[in-house]
There are 2 protein chains.
Amino acid sequence: MSLPVGLPAVADSDLVGQVARILTQAIVQGRLPPGSKVVEAGIARELGVSRAPVREAARLLEKQGLLVAKPRRGFFVRKLEIRNIDEIYDLRLCIERHASVLAARNLTTESRDALRRQIDVLHKTADLDDPARQVEEDYRFHRLIFEIADNRRLLRLFDDLAAELRMVIGLIGRLYDDPHEIARTHEPLLAAIEAGHPERITAHVDYHIGHAWREVGKLARELALPAGDAAEAPGGILIPTNGVTV
Amino acid sequence: MSLPVGLPAVADSDLVGQVARILTQAIVQGRLPPGSKVVEAGIARELGVSRAPVREAARLLEKQGLLVAKPRRGFFVRKLEIRNIDEIYDLRLCIERHASVLAARNLTTESRDALRRQIDVLHKTADLDDPARQVEEDYRFHRLIFEIADNRRLLRLFDDLAAELRMVIGLIGRLYDDPHEIARTHEPLLAAIEAGHPERITAHVDYHIGHAWREVGKLARELALPAGDAAEAPGGILIPTNGVTV
DNA sequence: CAAGACTAAACTGTCGACAATCGACGATTA
DNA sequence: TAATCGTCGATTGTCGACAGTTTAGTCTTG
C-alpha cells in the first residue's frame, strides 16, 4: 500500500527550468551584458541541448523582463535605462510597503526570530568584504519579509524584480561604501514591523528603499545610462477588445 | 530606401503571440475551464500550427499564472481557489492604490477627460444588458489609470492580473445586479484623483476594489471553491544561492 | 573615398519525428 | 474481492532539419 516513506522526489529533467536558471545567472552576473544578443544555437551548443528548451527558457525570461524579443532578430538582454531603474524601484517600493505591513500582521515569534537572525548574518557578512555575498544576504532579508507576508504572487513578483535589480547592482557596482551601514539600516525597519504600526512601517520602507533608489539613480546618471523614454518593447500580452462570444 | 511610411506594421508572423492570445481568450472566457488539461497536440492541430509555438505560448501563460505546468504531464488551467482570489485582489489593491496616486500626480486635462469619457461609456454600456461588455469597459477605465500612472511594469502587471480576474469573474458570473451602480462608483474615485489627495485616493480605491473583493469572495465561498492552502505550484524561477564567481 | 549594390554566412521561426513516460484498463494473484 | 502487475495508447520532452530573413562583409560605382 506504499507507506508514505519520505521523499526522495527525483530531480525532474526539466531542461527548460535549468536553462532559465543558467541564463538568469549569466545575465545577473553580467556575463551577458545588457544589450547583448542571446544566440539560441550558441547557448544550446554550450549547454549541450537543442534550441527548443533554450527558446522556451528565453520566452520565460522575456516575460520576466530580463530579455527583450525582437521579431526575426532574436532575444537581447534588456538594456538598463534610467527609466527602467526608476520603474523597478517604484514598483518595488509599492510592493515592499505592502509586504511589510502584511508581514507585521502575520508576524510570529519564529518569523520575527528569522528576521533577527538574518540581520545578524548581515552584520557577520559585512566583515567579509564580499560585495556579492552582501547583496545576496540583503536580498535574503527582504525576501523573508515577502515570505512572511504570505502572498505567493507577491513573492514571485519580488523575485522577478530582484533579478532585474541584481542586474542593475551588478552593473553599477557596490552600493554602499560601508557594508555595516547596510546591516544597521535594517534594524529600525524590523523594529517598526515588530511594533506593527502601518504608518511607521511604510515610512521606514520608504526611507530604506528610497535611499537605495537615490543611490542607484545617482550612480546610473553618473554612468550616463540612456534615459530610454522610447517605447522600447510593447510588452505583455494584452487582451484585445473583441466582441466577446460568451 | 523605404520611406518611413508609418504604420501598417504587418501582423508579424509571431505565432507564439497569437497562440498566447488565443489561449488567453479561451481561458478567460471559460472555454478552457479551470483544472482542465491543455493538450499541446490538440491545440496545435486546431490552430494549424506545430507544437513548438504552442509550447512557448503555454510557457508564457504559465509565467503569467493562467496555466500550471506539471512535469511530464502537461499544462493545466490554474484552478480557482479562494486563496488565489484573495491573493489576486490583495495584489491588485496594492498596485491600484499606487497607480491611482501616480495618475493623480501625472494628470493632465487630456487624461482627465479620457477618464471622464470612459465613465460616460460605462453609463451608456449599462443600458445594454451585456455583462461581458460591462466588464470590458470597467477594465478599460482601470487600465486608463495605469496608463496615466506611466510605469510600464506596473501596467504589464495589471494586465496580467486582469486576465486572471476575468477568469474569476467569468466563472462567478456577473458581479453587480445593477450595472449603473458599477458606473456610479467610479465617479468619486475620479473626483479624488482630480483633487489629488493621496489619502483620499487610497481610501476610495480601498473602498472600490475592496467592495469587489468582498463580493467575489462571497460568491466564491457560495460556490464552495476549494481553499487551496496547499503548496500548489513552486512558481517562479528563484535565483539559487550560489557562490558568485564574479 | 564614400555610398550603395550584391553575396554569403548566420540566425530565427517553424515543423515533423522519435524515444521516454504517463494513465487507464484489463489480467493475475493472493 | 481487493490489490498488484503488465500492457497499450496517448502525450510530453527533446531533437535535427529546412526555408526565409537578417546581418556582415565584399565589391562596385560615382
Side-chain angles (χ1 to χ4, degrees), chain A residues 1-5 7-23 26 32-33 35-63 66-79 233-234 237, chain B residues 1-4 8-23 26 32-33 35-63 66-79 233-234 237:
Chain A
M1 49 153 61
S2 82
L3 295 172
V5 188
L7 52 166
V10 247
D12 306 331
S13 57
D14 186 24
L15 275 195
V16 177
Q18 283 183 254
V19 174
R21 266 183 289 273
I22 291 174
L23 276 183
L32 286 174
S36 64
K37 184 161 167 25
V38 176
V39 181
E40 299 168 9
I43 306 290
R45 196 171 342 105
E46 197 157 346
L47 299 181
V49 300
S50 78
R51 279 174 52 214
V54 175
R55 275 183 70 91
E56 292 184 27
R59 276 267 141 67
L60 286 181
L61 296 213
E62 184 203 358
K63 183 116 189 132
L66 289 181
L67 295 181
V68 178
K70 304 187 184 178
R72 292 272 169 204
R73 309 218 170 164
F75 295 93
F76 298 79
V77 180
R78 163 162 259 144
K79 281 203 294 240
I237 296 155
Chain B
M1 49 166 61
S2 81
L3 297 172
V10 245
D12 303 334
S13 57
D14 187 25
L15 277 195
V16 177
Q18 283 183 253
V19 174
R21 267 183 290 273
I22 291 174
L23 276 183
L32 286 174
S36 63
K37 186 159 164 28
V38 177
V39 181
E40 299 168 10
I43 305 290
R45 196 170 342 105
E46 197 157 344
L47 299 182
V49 299
S50 78
R51 278 174 53 215
V54 175
R55 276 183 68 92
E56 292 184 26
R59 275 269 140 67
L60 286 181
L61 297 212
E62 183 203 358
K63 183 115 189 131
L66 289 181
L67 295 181
V68 178
K70 304 187 184 178
R72 292 276 171 201
R73 305 217 179 159
F75 295 93
F76 298 80
V77 180
R78 164 162 259 145
K79 282 202 292 237
I237 296 154

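Everything numeric here is computed off the predicted structure, so don't read it as measured data. Within every chain, numbering begins at 1; the chains are lettered A, B, ... in the order of the sequence lines, protein sequences first and strands thereafter.
Listed for the A:Lys63 side chain is no donor-acceptor partner under 3.5 Å among the backbone atoms of B:Glu62.
Rotation axes derived from the C1' atoms of the five outermost pairs at either end of the helix from C:dC1-D:dG30 to C:dA30-D:dT1 lie 10° apart, to the nearest 10°.
In this structure, CG on A:Leu23 lies 7.0 Å from CG on A:Leu67, to the nearest 0.5 angstrom. The CG atom of A:Leu15 sits 9.0 Å away from the CD1 atom of A:Ile22 when rounded to the nearest 0.5 Å. Separating the CZ atom in B:Arg78 from the OG atom in B:Ser36 is a distance of 13.5 Å, to the nearest 0.5 Å.
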For residues 43-50 of chain B, which side-chain N or O atoms pair as donor and acceptor with protein atoms under 3.5 Å away, sequence neighbours left out?
{"residue": "B:Ser50", "atom": "OG", "partner": "B:Ala52", "partner atom": "N", "Å": "3.4"}

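Residues A:Arg59 and A:Glu56 are not paired through a salt bridge, judged by the lack of any N-O separation under 4.0 Å between the basic side chain and the carboxylate.
Applying the side-chain contact (heavy atoms from CB on, under 4.5 Å) test to A:Arg72 and every residue at least two apart in sequence or in another chain returns B:Ser13.
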- Test side-chain contact (heavy atoms from CB on, under 4.5 Å) on B:Val54 and B:Val38 and set out the steps. CA-CA 10 Å; B:Val54 175; B:Val38 177; 5.6 Å; no
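Rounding to whole angstrom units, CG of residue A:Leu67 and P of C:dT12 are separated by 12 Å.
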- Nucleotide-resolved protein contact map, nucleotides 7-20 of chain D, B/S/- at heavy-atom distance under 4.0 Å: ----SBBBB-B---
